[in-house]
Every structure is written in C-alpha cells, then in structure tokens.
Amino acid sequence: MERDVLAGDPVEIAPLLLGKILRSGAVAARIVEVEAYRGAGDDASHARNGPTRRNSSMYAPAGALYVYLCYGVHHCANVVCWPKGVPGAVLLRAGEPLAGMAEMATRRRRVAPGDMTELCSGPGKLCEALGIDLDLDGADLVTGARDVELLDDGFVPGSVRSGPRIGLGDRRASRSEPWRFWDPTSPHVSR
DNA sequence: AGTTTGATTGGCT
DNA sequence: GCCAATCAAACTC
C-alpha cells in the first residue's frame, strides 16, 4: 500500500483498509473488521494524554505498525495514520485467513483443526495467528522491511457496515461514535 | 507507593 | 453470564 493513502484521518482510512491484506512472514489475512482511533481528541485513544512508552509508535509516520499488550495478555495491531507527529491509528480487529493456515492453527493451538473462523476473528486472535507481538511494534508496513506489510490486491468488499466501537468503558464520551467498520458478509468478523 | 482500569480471550457455572 | 490471566497507564493518596 502507498503511504499517502494512509496519511489522513483514521475515521476515513479505516473503511478503506477493509479488504486489504496483512502479511507477516508466510502468513496472511484479509482484513474484515477495523476500528478508528483519532488520537489527541479521542478520549478512547491511547494517545489521548500524549506520548507514553507504550504508544510512541503512534507518533511515527503513516504506515507504521503500532502493537500494544492488551489486558497484559494479548497483543493488538494498529495501522498508524496522519503525518509524523500526529497520533492516530486504525485497530485491525479481524481477518479472513488467506495463507499459512497450518501455521496459524499451530499458533492458535486451542482452536479445533479446520475451524477457519476461529483463527483471526478478533484483535488478539489476529495477532496470535500472524505471530505479531511487541517485537514488531513500529515496523513500517509500507516498505515491509521487517517482513510485515499491507498489500492491496484490488479486492473491494461488497458491503461495509459501521457502528460503535467494542469494549470501551462506560465513561468514554466517544463510546457511541460509529468508528467501527466491518464487512457484514464475512464469517470472520469478531463476535 | 498502592489501587484501579482496560481497544480481550477462553474456560467454567 | 461470570471470571481469571497479567501488565502498563492512569488515578488516588
């Protein structure tokens, strides 16, 4: 993917990422569900209070990968947006397995063999299946220099739906903003 | 310095 | 439906 396509408002970029391919090593998935986090003005964003050790890669140029540890247990992957210095990102919530399914199943060892919809149907699952962890935080998805990249094969989802983001605390003022986007025809969307 | 919360998942009641 | 796992940040003394 080209960098300038990603260097804008995460709310506008997020639906454009549906149908794109995230590849890590020999494993790849087509993105079917995302959420936009706008940065400083978004009270649900990790960058709402400025830079911290965890969120520093959100301040990298568009196209960087932002990986963080969620609940101290799972990893979540984001595509950084906006130009360098302006925080904002799109959370990759779910994908359809395209390549390396055997490797995915090995990493997602609790999943029954042949159960394709359990491999990548959630942000933590997607990272586990693709082998994405904190080592890849800050990797450039445009150049793919660290063997993770975003690819565009021209596929466009037949339909896109939007709604409130998932898992936000009750006190977040932005909890009802419709910044989650998904392909309603995909069986790989998170529940 | 100690406590609570959170962009989740899987297992158990 | 409820709960534990487990760590960084934000809160509250």
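Residue A:Asn49 is in sugar-phosphate contact alone, with no base atom involved, counting any heavy-atom pair closer than 4.0 Å across all strands shown. If you check every strand for non-hydrogen atoms under 4.0 Å, A:Arg165 touches nothing. Within 4.0 Å (heavy atoms only), A:Leu91 reaches at least one base atom of the nucleic acid. Contacts of A:Arg108 with the nucleic acid, taken as non-hydrogen atoms under 4.0 Å apart, involve only primed sugar atoms and P, OP1 or OP2.
Checking C:dA5, C:dA8, B:dA7 against the side-chain heavy atoms of A:Tyr66 singles out B:dA7 as nearest. The side chain of A:Pro123 lies closest to B:dT8 when the candidates are B:dT8, C:dA10, C:dA8. Distances were taken from every side-chain heavy atom of A:Arg54 (C-beta onward) to each of B:dT8, C:dA8, B:dA7; the shortest belongs to C:dA8. In this structure, of C:dA8, B:dA7, B:dG10, it is B:dA7 that holds the atom nearest to the side chain of A:Asn78. Among the nucleotides B:dA7, B:dG6, C:dA9, the one closest to any side-chain atom of A:Tyr71 is B:dG6.
Residues A:Met104 and A:Cys120 are in side-chain contact: their nearest non-hydrogen atoms beyond the backbone lie under 4.5 Å apart. A 4.5 Å side-chain heavy-atom check between A:Ile166 and A:Arg93 finds at least one atom pair inside the cut-off.
Remark: ring of A:Tyr68 does not overlap the six-membered base ring of B:dA7 in a stacked fashion, as centroids less than 5.5 Å apart with planes less than 30° apart are not both met.
Under the Watson-Crick or G-U wobble criterion, with both distances below 3.5 Å, B:dA7 has no partner in any strand shown. Using Watson-Crick or G-U wobble geometry with both donor-acceptor distances under 3.5 Å, C:dT6 finds no partner in any strand shown.
The distance from atom CD1 of A:Ile166 to atom P of B:dG6 is 15 Å, rounded to the nearest whole Å. Rounded to whole Å, the distance from CG on A:Asp133 to P on C:dT6 is 17 Å. Rounding to whole angstrom units, CD of residue A:Glu128 and C1' of B:dG10 are separated by 11 Å. Whole-Å rounding puts the A:Arg110 CZ to B:dC12 P distance at 11 Å. The interatomic distance linking A:His74 (NE2) with C:dA8 (P) rounds to 16 Å, in whole Å. Nucleotide B:dG11 holds its P atom 9 Å from the CZ atom of A:Arg109, rounded to whole Å. With rounding to whole Å, A:Asp43 atom CG is found 10 Å from B:dA7 atom P. Counting to the nearest Å, the P atom of B:dA7 and the CG atom of A:Asp137 are 17 Å from each other.
With salt bridges taken as basic N to acidic carboxylate O contacts below 4.0 Å, none links A:Glu35 and A:Arg165. A:Arg175 has a carboxylate O that lies under 4.0 Å from a charged side-chain N of A:Asp170, or vice versa, which qualifies the two as a salt bridge. Under a 4.0 Å N-O distance rule, the pair A:Arg23/A:Asp147 qualifies as a salt bridge.
C:dA8 and B:dG10: their C1' atoms are spaced 22 Å apart (whole Å). For the C1' atom pair drawn from B:dT5 and C:dC3, the interatomic distance equals 16 Å after rounding to whole Å.
Both A:Gly167 and A:Lys125 lie close to DNA chain B; mapped to their nearest nucleotides by heavy-atom distance, the more 5′-ward contact belongs to A:Gly167. Between A:Asn55 and A:Arg191, the one whose closest nucleotide on DNA chain C sits nearer the 5' end is A:Arg191. Comparing A:Arg172 and A:Leu69 by the nucleotide of DNA chain C that holds the closest heavy atom to each, the one mapping nearer the 5' end is A:Leu69.
Geometrically, A:Arg30 engages A:Phe155 in a cation-pi contact defined by less than 6.0 Å to the ring centre and at most 45° from the axis.
Within the structure, every side-chain polar atom (N or O) of A:Arg48 is placed at least 4.0 Å from both OP1 and OP2 of C:dA9.
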